[in-house]
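A quick note: this is a predicted structure, and the numbers were derived from the prediction, not measured. Reminder, nothing fancy here: chain letters follow the sequence lines and each chain counts from 1.
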There are 2 protein chains.
Amino acid sequence: MATLKDVAALAGVSVKTVSNVVNGYAFVKPDNRRRVEEALVATGYRPNLGARNLRRGRTGSLALVVPELGIPYFAELAGLVLRAARAHDWNVLIQQTLGTREGEREALAALGPHVVDGAVISPEALRGTDFAGVSGPLVLLGEHPLDLPLDHVGIDNVEAARTAVRHLLDLGRRRIAAIGAHPDRATAAQRLRGHREALADAGLTGPVASVEHYHRRDGAAAMAALLDSPEPPDAVFCFNDLLAAGALRAAADRGVRVPGDVAVVGFDDDEAGAYGSPSLTTIAPDKAGIARAAVDLLRERVDGRDLPPRRVRTPFRLRIRESTVG
Amino acid sequence: MATLKDVAALAGVSVKTVSNVVNGYAFVKPDNRRRVEEALVATGYRPNLGARNLRRGRTGSLALVVPELGIPYFAELAGLVLRAARAHDWNVLIQQTLGTREGEREALAALGPHVVDGAVISPEALRGTDFAGVSGPLVLLGEHPLDLPLDHVGIDNVEAARTAVRHLLDLGRRRIAAIGAHPDRATAAQRLRGHREALADAGLTGPVASVEHYHRRDGAAAMAALLDSPEPPDAVFCFNDLLAAGALRAAADRGVRVPGDVAVVGFDDDEAGAYGSPSLTTIAPDKAGIARAAVDLLRERVDGRDLPPRRVRTPFRLRIRESTVG
DNA sequence: CGGACGATTTACAACGTTGCATTCCCGGTA
DNA sequence: TACCGGGAATGCAACGTTGTAAATCGTCCG
């Protein structure tokens, strides 16, 4: 592999002059510049990023920490972060936590200060104290009750959940269940609160189903239990589209009609939901906006130093489809 | 950030002795070892991977190049590669190509020899010549007609496609369409060949629908066209599960029953297919096996040098669900 | 007691790059 | 002619780590 030294030898100039050309330094005699450029091409020179970053104190990569790429929402988000990062000449290094506190702590620890310039992390189960030893710039995805001096990007989960439940109320549904409660997950708590509040505004309450994971399997099991209960719901609000997909399947298995007997609302706007039968009404966050905002915030924090912690609220909308209005 | 020098000063030994302790060198006096270890803890030392890799000539990361994380198959595969790579202490840096030749060439170029130790790439549209300038160890996912001295991992696409179509023939279907032909994509060609051959064995032919992308939208459009044609098929074999999802939706929109009027088979075994209504019969590749094999091959190639190009054939199975046997 | 030998530690250089300070060269000016 | 200023090029050091070879130490053997 060609180094600056090789190029310099070929062009008959010093290493530093080659470096200057590579870095676009203005004061290089046109003649030398030309010779260097030819030598660069001839040798196929590529800067050794390791060395450059060692010198510059940057790594040129950013970490993206998500629970699982198998979850469409995070896969899609990861793709968008990749795209946003490329605009900043950042490479992206992805880590999966499986949504466990242990996995998230590992990820934070592994992100030694020298392996990435910063991280975008979507924590599910972390406690405030877990961030104690963290060094580099960090941007959190999603709202969190953690009172940390960190940047946040995310939608208003309480309001989004209220929107979803109000939609069901507007359709005349009165027994509206929630699927997706989880003891350790911050977003679950917020969506649950939105559900409870919207119902309370109408003088109602509704059953709540907890899940272990946010997978289709869990949604199906929860829905089955609800439908088999003495007072089955006439609508369910699922905390993500995977749970909703499972719920729809469980309803179909029991011959329960959607939306006739039960209306279903999801959360995340996975593309799959638009193509299912019935298609899924869902809360659609602005994923591209989230990705862009997260990367932009991280860039600013990596560049400048003394910024106050910021929160970016990204918009969402309710996408109404067949699972609520057949 | 603490460096070896800081630790050495604190422990009262030379930098190299600290390095030796960090790297588990055997001959360090117990007393010194203890002092160094205490100093390591006290300073919170983390090796500077940039510097270490510069010295060792390794980067500690591997690149995974896929068309798009929004496609569930690649998202799932990426997750599995992440997991497999962690077992080798590799970080994974993901690049999206959007399935275009340009994107794939860019990815190859960006993978300078110094940014990753090697790459696992899932090429769709690359020509053999595009690999000319490529330096580092490379493992290709999927079969390719390219006659390159590179490692390959993948299933036998022709045989998988034959299996899918034979299944439809066994069910008595006689007009079996294929959805997913594409001029530039190697895997499309192979699945198409399997389709054609299986039909030929039964003395039949079937319509073929080309698509621009492998997305649900394209599957829906292709299916709509087939169903509206003068001789609609009684079965379709889709080259991936997204196309199949679109096809199912198009059928539902037209009141065409699946599998009553048309049977549908997909490819990839996305988890979504198991939960749809109807659930989707599909070819299920051993994704975890593919991920593991790819990373293992890459590891061997990074370690040793003079290996012949290898091909690993991973198994697949036909997963029969409601879309073919209601 | 001298030397040999292995255990242990260390100094030094190098990986490839870039910031800094220096040097060199030129025309223009006093 | 001596000096000045800025363009242009360069040498040197350093980023943090580790391989190599050499230095140091102690102990065992003859």
Practice task
Could you work out which one of D:dG7, D:dA9, C:dT17 sits closest to the side chain of A:R52?
Solution key: C:dT17
Practice task
For A:R185, look at atom CZ and say whether over 12 heavy atoms of other residues, nucleotides or ligands are found less than 6.0 Å away.
Solution key: yes
Practice task
Let me know the distance between CG of A:N48 and C1' of C:dG16, rounded to the nearest Å.
Solution key: 6 Å
Exercise for the section: Among C:dC20, C:dG16, C:dT9, find the nucleotide with the atom closest to the side chain of A:T3. Expected result: C:dG16
Handout entry: Protein-nucleotide distance (B:R46, atom CZ; D:dT17, atom C1'), rounded to Å
Key = 16 Å
Fill in the blank from the handout: In terms of heavy-atom contacts, B:T59 and B:V115 come closest through OG1-O, 3.5 Å
Exercise for the section: Side chain of B:L4 only, please: which of D:dA9, D:dT18, C:dG16 is the nearest? Expected result: D:dT18
Exercise for the section: Rounded off to whole Å, could you give me the CG-to-P distance for the A:L54 and D:dT17 pair? Expected result: 9 Å
Problem - Value in whole Å for how far the P atom of C:dG19 lies from CG of A:N23 - result: 7 Å
Exercise for the section: May I ask you to test the A:R301-A:L138 pair for a side-chain heavy-atom distance under 4.5 Å? Expected result: no
Exercise for the section: Could you check how far CG of B:L49 sits from P of D:dG16, rounded to whole Å? Expected result: 13 Å
Handout entry: Any A:S14 side-chain nitrogen or oxygen under 4.0 Å from OP1 or OP2 of D:dA9
Key = no
Problem - B:E68 side chain to B:H215 side chain, donor-acceptor N/O pair below 3.5 angstrom - result: yes
Handout entry: Which atom of B:L69 lies closest to which atom of B:F74, heavy atoms considered
Key = CD2-O, 4.2 Å
Exercise for the section: Please check the phosphate of C:dT18 (OP1 and OP2 only) for any side-chain N or O of A:S19 closer than 4.0 Å. Expected result: yes
Exercise for the section: State, to 0.1 Å, how close B:W90 and B:L298 come at their nearest heavy-atom pair, and which atoms those are. Expected result: CH2-C, 4.0 Å
Practice task
Check every strand shown and say whether A:V22 touches a base, only sugar-phosphate, or nothing at a heavy-atom separation below 4.0 Å.
Solution key: nothing
Problem - Under 3.5 Å donor-acceptor pair, B:K16 side-chain atoms to D:dG19 base atoms - result: yes
Completion exercise
Of B:R56 and B:V15, the one whose closest nucleotide on DNA chain C sits nearer the 5' end is B:V15
Handout entry: Sugar-phosphate, base or nothing in reach of B:N53, heavy atoms under 4.0 Å
Key = nothing
Completion exercise
Taken to the nearest whole Å, NZ/B:K5 to C1'/C:dC12 is 15 Å
Exercise for the section: Ignoring hydrogens and angles, answer whether the base of D:dT17 and the side-chain atoms of B:R55 contain a donor-acceptor pair closer than 3.5 Å. Expected result: no
Exercise for the section: Go through residues 34-45 of chain A and report each residue with a non-hydrogen atom lying under 4.0 Å from DNA chain D, sorted by number. Expected result: none
Practice task
Give the rounded distance in Å between these two atoms: OH of A:Y25 and P of D:dT10.
Solution key: 13 Å
Handout entry: Under-3.5 Å donor-acceptor pair between B:K29 side chain and D:dG26 base
Key = no
Problem - Overall bend - the helix from C:dC1-D:dG30 to C:dA30-D:dT1, comparing terminal axes fitted on five pairs, nearest 10 degrees - result: 80°
Handout entry: Value in whole Å for how far the P atom of D:dG26 lies from CG of B:N32
Key = 13 Å
